[in-house]
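Structure first, commentary second.
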There are 4 protein chains.
Amino acid sequence: MVERIVTAGRQVLVEHGYERTTTNRVADAAGISPGSLYQYFPNKEAVLAAVVDAYSAEIADQLAAVVTDRLDLPPLELMRASYDDLLDILLANREYVRLMTRELPHARVAPHVDQLERRVSDLVGTYLSAARPTDRVSPSTSAWILVRMVEHLCVQYVLDDPPFSRQTLVDELVRLSAGHLA
Amino acid sequence: MVERIVTAGRQVLVEHGYERTTTNRVADAAGISPGSLYQYFPNKEAVLAAVVDAYSAEIADQLAAVVTDRLDLPPLELMRASYDDLLDILLANREYVRLMTRELPHARVAPHVDQLERRVSDLVGTYLSAARPTDRVSPSTSAWILVRMVEHLCVQYVLDDPPFSRQTLVDELVRLSAGHLA
Amino acid sequence: MVERIVTAGRQVLVEHGYERTTTNRVADAAGISPGSLYQYFPNKEAVLAAVVDAYSAEIADQLAAVVTDRLDLPPLELMRASYDDLLDILLANREYVRLMTRELPHARVAPHVDQLERRVSDLVGTYLSAARPTDRVSPSTSAWILVRMVEHLCVQYVLDDPPFSRQTLVDELVRLSAGHLA
Amino acid sequence: MVERIVTAGRQVLVEHGYERTTTNRVADAAGISPGSLYQYFPNKEAVLAAVVDAYSAEIADQLAAVVTDRLDLPPLELMRASYDDLLDILLANREYVRLMTRELPHARVAPHVDQLERRVSDLVGTYLSAARPTDRVSPSTSAWILVRMVEHLCVQYVLDDPPFSRQTLVDELVRLSAGHLA
DNA sequence: TATGAATGAGTTTTCATTCAT
DNA sequence: GATGAATGAAAACTCATTCAT
């Protein structure tokens with residue numbers, strides 16, 4: 001039932017937008033009464049948090065795995081494969097990407113995005129520390145830059161659908177990353 | 001008077017946040033009655049749009065000028081100087097950056113950001129067309145990538161204050177851009 | 001089971017106050033489901049009535065006995081002993097006194113208080129009819145005045161704890177009563 | 001308008017009872033919209049407080065004057081006249097007496113009643129200190145007992161309309177008081 | 001033109017009560 | 001009988017908008 005409500009919440013969010021997401025509408029979409037909703041969630045806030053949480057649980061692991069699963073590859077291969085998969089995942093979950101970056105207030109999403117970025121940045125930072133001797137910038141700085149750059153360009157690509165191919169984006173991301181690390 | 005209302009709107013937005021920005025509060029901050037507000041704006045929507053417009057008018061020209069004023073420079077110098085100035089502008093207008101990217105709903109900001117991005121992208125695209133013969137990617141693709149990359153990393157840097165210097169960011173942005181164009 | 005519910009109701013009333021006494025909370029305190037509560041009581045009203053009834057059953061007899069058991073004593077002794085016991089009983093049941101006079105709506109308590117007052121007044125009236133020839137006022141008027149006076153002052157003393165001794169109150173009540181009857 | 005709302009609140013309280021007094025009903029009775037009510041009062045609580053305050057302002061001074069205006073009389077005359085007037089006032093404001101002692105939750109009324117009782121008790125205590133040398137009980141104890149006794153019996157008389165005359169009650173109150181002070 | 005009191009639909013939330021299991 | 005999830009009407013309160021002055 002919690003799941004039903006969360007699904008309904010997600011749906012209302014997608015269909016009506018954040019500002020038109022009311023507890024009554026969510027209850028309606030879940031096919032329950034407003035009172036029932038409050039047997040599973042203490043307030044509206046908690047319903048929205050659950051929707052965001054569910055998204056994170058569903059997608060964040062996939063996103064982290066994009067890097068995690070390839071930490072044994074050499075940088076270039078890791079990057080190409082990761083960016084490729086990343087785009088796959090985001091393209092397959094366009095609606096959620098839109099929800100997180102376009103629909104929900106930043107404050108509600110920030111904790112999850114921050115956590116994911118930190119998680120991936122840590123991975124990348126560690127990877128770089130091992131793969132590369134010291135350099136112009138610290139591994140954590142590199143990670144900060146690369147993670148945000150790749151993330152943002154992929155998200156933008158997925159949502160704004162610019163007039164160049166998916167392959168082009170991956171190629172250019174790899175090139176940018178390689179240039180940065182060279 | 002329109003200006004007074006817009007200023008008040010901006011102030012309320014900054015001090016109270018989007019969700020606590022009511023027409024009454026804006027009227028109050030403008031020292032007028034709610035009824036008067038509706039003689040200058042048809043509805044709340046329009047007030048917020050005007051606030052965003054005013055922001056764009058105030059900052060967007062500066063931002064565009066960052067590139068415009070240097071179209072005669074060679075790429076590397078143009079980039080370094082532009083990124084430097086861009087960071088200056090954003091750092092000097094942190095509050096507005098926060099408003100546009102963290103406080104206001106994306107839908108309200110998107111038209112302006114898109115317009116600015118298109119404007120700068122066009123400039124950059126044209127510049128690249130002239131500066132560089134054909135290449136891996138079209139000038140407009142390059143522009144799309146570079147503009148979004150630089151913009152996003154600078155905005156993030158300004159708002160999240162990561163533990164590396166402003167100079168480092170500029171250096172790395174130049175390096176990334178140069179690598180992309182090479 | 002009815003008893004369990006009534007006990008729970010009393011407990012919730014004491015701990016949470018009348019306005020925060022919900023049927024769900026009572027059921028919870030009774031360790032049963034809200035549905036079960038409705039197998040023993042038709043509605044919330046009835047539960048509260050039962051709580052008040054139980055209180056009356058528990059205390060009212062003691063209170064009536066204060067007089068009943070002493071109808072063979074001469075007036076002054078009867079009064080002194082009765083008031084003394086009355087105070088004992090009320091002091092020993094302060095929580096219930098508070099419930100009846102401060103927590104519950106008057107309408108819910110009135111029937112029981114009225115009944116008790118009538119019962120005691122009748123006793124006292126009868127006693128006075130026998131003990132005393134005719135006088136300034138009828139026995140029932142005397143009873144009305146004395147019962148309410150003593151009851152109210154004792155209740156107030158118990159709940160408000162004024163800065164004089166219990167003994168003083170008893171002395172003064174006896175004196176007042178004696179003065180009235182003289 | 002505040003007055004209109006307070007009047008409406010009082011009326012709803014009288015006609016529908018405390019538990020059926022809702023902000024919407026009060027607004028309705030005042031002939032205004034629920035929103036308007038909230039331009040004059042921050043919440044329901046405040047409306048009810050204002051109703052009680054208005055009552056106090058209207059009646060409490062009269063009640064206190066009952067004693068204040070006669071502090072130069074000898075005790076017996078003071079008492080007789082005061083009790084007489086007190087009954088007049090309470091009989092003339094039966095509806096308000098009912099509201100304060102029967103309808104509203106004790107917690108809402110207590111501050112006002114306590115204040116009034118303290119005010120009158122202080123007066124009486126001071127009067128007794130002057131009129132009478134030391135005695136069985138302190139003036140403040142006498143005041144505590146007399147004020148509560150008289151108040152309660154008068155209130156009960158007014159609300160319950162027992163089968164004896166108003167004059168009888170006054171006579172007996174005087175007698176009781178005199179007996180206490182003798 | 002400016003006002004600001006008035007509006008009332010819409011929001012979140014509660015809770016006495018029901019009923020399928 | 002017992003359950004407890006589900007109900008839904010009703011409550012307090014908000015706020016964009018209007019309109020008589």
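Chain letters run A, B, ... following the sequence lines, proteins first, then strands; residues in each count from 1.
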Listed nucleotide nearest any side-chain atom of [X], set [options]:
X       : options               : value
C/Thr22 : E/dT11, E/dA16, F/dA5 : E/dA16
B/Met1  : E/dT12, E/dA16, E/dA2 : E/dA2
D/Tyr40 : F/dA12, F/dT17, E/dA6 : E/dA6
B/Ser36 : E/dT3, E/dT7, F/dA12  : E/dT3
A/Asn43 : E/dT13, E/dA6, F/dA12 : E/dT13
A/Tyr38 : F/dA11, F/dG8, E/dT14 : E/dT14
C/Pro34 : E/dG8, F/dG4, F/dA2   : F/dG4

Given DNA chain F, 5'-ward residue of the pair C/Gly35 and B/Lys44, judged by closest heavy atom: C/Gly35

Find which nucleotide of DNA chain F each of A/Arg4 and B/Asn24 is nearest to by heavy atoms, and output the residue with the more 5' nucleotide. A/Arg4

Which pair of non-hydrogen atoms, one from [X] and one from [Y], has the smallest distance, and what is that distance?
X       : Y       : value
A/Ala50 : A/Val6  : CB-CG2, 3.8 Å
D/Leu37 : D/Ala27 : CD1-N, 3.9 Å
D/Val12 : D/Ala29 : CG2-CB, 3.6 Å
B/Val51 : B/Leu13 : CG1-CD2, 4.1 Å

Whole angstrom value for the distance that separates [atom2] of [N] from [atom1] of [X]:
X       : N      : atom1 : atom2 : result
B/Asp28 : E/dA5  : CG    : C1'   : 14 Å
A/Phe41 : F/dA5  : CZ    : P     : 14 Å
B/Leu48 : F/dC15 : CG    : P     : 14 Å
D/Glu19 : E/dC15 : CD    : C1'   : 13 Å
D/Ile5  : E/dA6  : CD1   : C1'   : 11 Å
C/Arg20 : E/dC15 : CZ    : P     : 7 Å

Closer than 4.0 angstrom, basic N to acidic O: yes or no for A/Arg10 and A/Glu58? yes

Between C/Arg25 and C/Arg20, is there a donor-acceptor pair closer than 3.5 Å when you use the side chain of the first and the backbone of the second? yes

On DNA chain E, nearest-nucleotide positions of D/Gly31 versus C/Glu45: which is more 5'? D/Gly31

Return whichever of D/Gln39 or C/Thr21 has its heavy-atom-nearest nucleotide of DNA chain E closer to the 5' end. D/Gln39

May I ask you to evaluate whether B/Thr23 reaches the phosphate of F/dC15, defined as a side-chain N or O under 4.0 Å from OP1 or OP2? no

At less than 4.0 Å, is any side-chain N or O atom of C/Ser33 found next to OP1 or OP2 of F/dA2? Yes or no. no

Need one value for D/Leu37: base, sugar-phosphate or nothing, where a base atom within 4.0 Å counts as base even if backbone is also close, heavy atoms only. nothing

Is F/dT21 paired to anything, Watson-Crick or G-U wobble with both distances less than 3.5 Å, and if yes, which nucleotide? E/dA2

